[in-house]
Amino acid sequence: MTQTLAQMAVAVLSTADGRAKTALAHEHAAAWRASRDGSGPKIAIGTATPPLRPARPEKPDLANPRDMPRRRPGSPQGRIALLHAVAHIELNAVDLHWDIIARFTEIGFPPGFYDDWVQAGDEEAKHFNLLCDCLERLGSHYGALPAHAGMWRAAEDTVEDIFGRLAVVPMVLEARGLDVTPGMITVFEKAGDEQAVAALRTIYAEEVHHVAYGSKWFHWLCGRDGLDPKPQFHKLVRHYFHGALKPPFNEEKRAEAGIPPDFYWPLTEQISPKN
């Protein structure tokens, strides 16, 4: 029997090894696209119960963000640490996008919602593998260094709030990637690491779409419920995000993704911690 899309998403979330997880993400994304264009068996969206936390490999060891060593990208070891940190972000992003597919099926989104997040989950899987390839060429691998333990916090905080999930994950966390990735590209250009530069340029180009998916579906929900998106966004970020947003912002790419400055500049003021 053909699995539903929600069941496929749970299968991705339940796979621990990073390379195996991303291979399954690619397989299920291809099956969904074939279903949508009529070249493969029809796949229903269905329902499923995703785990609160996705399966993870035994390594890397996860550390409190305050305990993470400072990365010094001027050295080869620092550049490996930077690539490892970004690979960890991308693996979490794979799970974040497949989680949103499985967790909120009761909302009644149109099929385009699932098209977008399957595409995003597929691209994040590609990004993780590109970075793993870079690490392995440099004599390292994903899991060789400790990693940030707080990456899944936003998913747990918004486990019952689709508005909050869209506001905080793509529209804040992924938007931050648009701000910092150009600087990372410069680091690897200076080091002459063409493979890392190519990988980061691919990630930079495609992350704009992921932020745009968040903005699109956040506005869709607000329109459905008669809510003004900007104050709703401010309220949700102040509730769920831990700290103030920090400039500088990549205003050009944020605008391209559908997030104007008056959405994020007011949130640079210190936000009171959530009760």
Side-chain angles (χ1 to χ4, degrees), residues 1-15 18-51 54-55 90-130 155 158-159 161-167 169-171 173-175 177-178 202-225 229 253 256-259:
M1 180 180 291
T2 303
Q3 285 185 304
T4 66
L5 181 62
Q7 289 170 329
M8 290 176 168
V10 169
V12 173
L13 293 164
S14 302
T15 301
R19 293 281 198 179
K21 182 188 292 288
T22 53
L24 193 59
H26 287 322
E27 179 184 330
H28 288 337
W32 174 252
R33 283 192 287 268
S35 169
R36 292 284 283 145
D37 67 19
S39 63
K42 185 70 175 173
I43 297 172
I45 293 165
T47 60
T49 304
E90 297 298 328
L91 188 62
N92 276 270
V94 174
D95 285 321
L96 285 166
H97 297 328
W98 288 96
D99 185 85
I100 202 172
I101 289 166
R103 193 167 298 280
F104 299 102
T105 53
E106 80 284 356
I107 299 296
F109 284 110
F113 174 86
Y114 298 98
D115 294 340
D116 286 348
W117 294 115
V118 167
Q119 180 72 16
D122 194 27
E123 289 174 347
E124 301 290 15
K126 175 176 67 177
H127 300 169
F128 174 76
N129 287 316
L130 286 172
T158 59
V159 70
D161 186 348
I162 181 60
F163 282 93
R165 177 68 65 89
L166 290 167
V169 174
M171 297 177 73
L173 298 180
E174 290 199 273
L178 302 181
T202 296
I203 291 168
Y204 183 48
E206 293 178 349
E207 291 293 348
V208 177
H209 307 149
H210 306 170
V211 179
Y213 298 156
S215 178
K216 176 172 82 172
W217 293 108
F218 181 79
H219 281 77
W220 184 90
L221 283 172
C222 289
R224 183 197 67 175
D225 292 356
K253 290 298 182 184
E256 188 179 327
I259 306 179

Euclidean distance, [Y] [atom2] relative to [X] [atom1], rounded to 0.5 Å:
{"X": "W220", "Y": "I107", "atom1": "CH2", "atom2": "CD1", "result": "8.5 Å"}
{"X": "W217", "Y": "I100", "atom1": "CH2", "atom2": "CD1", "result": "11.0 Å"}
{"X": "L5", "Y": "T47", "atom1": "CG", "atom2": "OG1", "result": "11.5 Å"}
{"X": "L173", "Y": "N92", "atom1": "CG", "atom2": "CG", "result": "10.5 Å"}
{"X": "F113", "Y": "I101", "atom1": "CZ", "atom2": "CD1", "result": "7.5 Å"}
{"X": "W32", "Y": "I45", "atom1": "CH2", "atom2": "CD1", "result": "4.5 Å"}

Measure across [X] and [Y] and return the closest heavy-atom pair with its distance rounded to 0.1 Å.
{"X": "H127", "Y": "T202", "answer": "NE2-O, 4.2 Å"}
{"X": "A102", "Y": "V10", "answer": "CB-CG2, 4.1 Å"}
{"X": "P50", "Y": "D99", "answer": "CB-OD1, 3.9 Å"}
{"X": "H219", "Y": "G258", "answer": "CE1-O, 4.4 Å"}
{"X": "H210", "Y": "W117", "answer": "O-CH2, 3.7 Å"}
{"X": "A55", "Y": "D95", "answer": "O-OD2, 4.5 Å"}

Report the residue from R33, H97, H209 that forms a side-chain hydrogen bond (donor to acceptor under 3.5 Å, both in side chains) with Q119.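 When R33, H97, H209 are each tested with Q119, the side-chain hydrogen bond (donor to acceptor under 3.5 Å, both in side chains) holds only for R33.
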
Donor-acceptor pair, distance only, cut-off 3.5 Å: does the side chain of [X] make one with the backbone of [Y]?
{"X": "T22", "Y": "G18", "value": "yes"}
{"X": "T15", "Y": "A11", "value": "yes"}
{"X": "S35", "Y": "I43", "value": "yes"}
{"X": "R103", "Y": "P51", "value": "yes"}

Geometric class of the F218/F163 ring pair [parallel <30°, tilted 30-60°, perpendicular >60°]: perpendicular

List the steps and the verdict of side-chain contact (heavy atoms from CB on, under 4.5 Å) for T105 and Y114. CA-CA 10 Å; T105 53; Y114 298 98; 4.0 Å; yes

Look at E123 together with K126 and state whether they make a salt bridge at an N to O cut-off of under 4.0 Å. no

In the structure I gave you, are the side-chain heavy atoms of L96 and E124 within less than 4.5 Å of one another anywhere?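 Sidechains of E124 and L96: no contact.
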
Considering only heavy atoms from C-beta outward, does the side chain of F128 approach that of K21 to under 4.5 Å? no

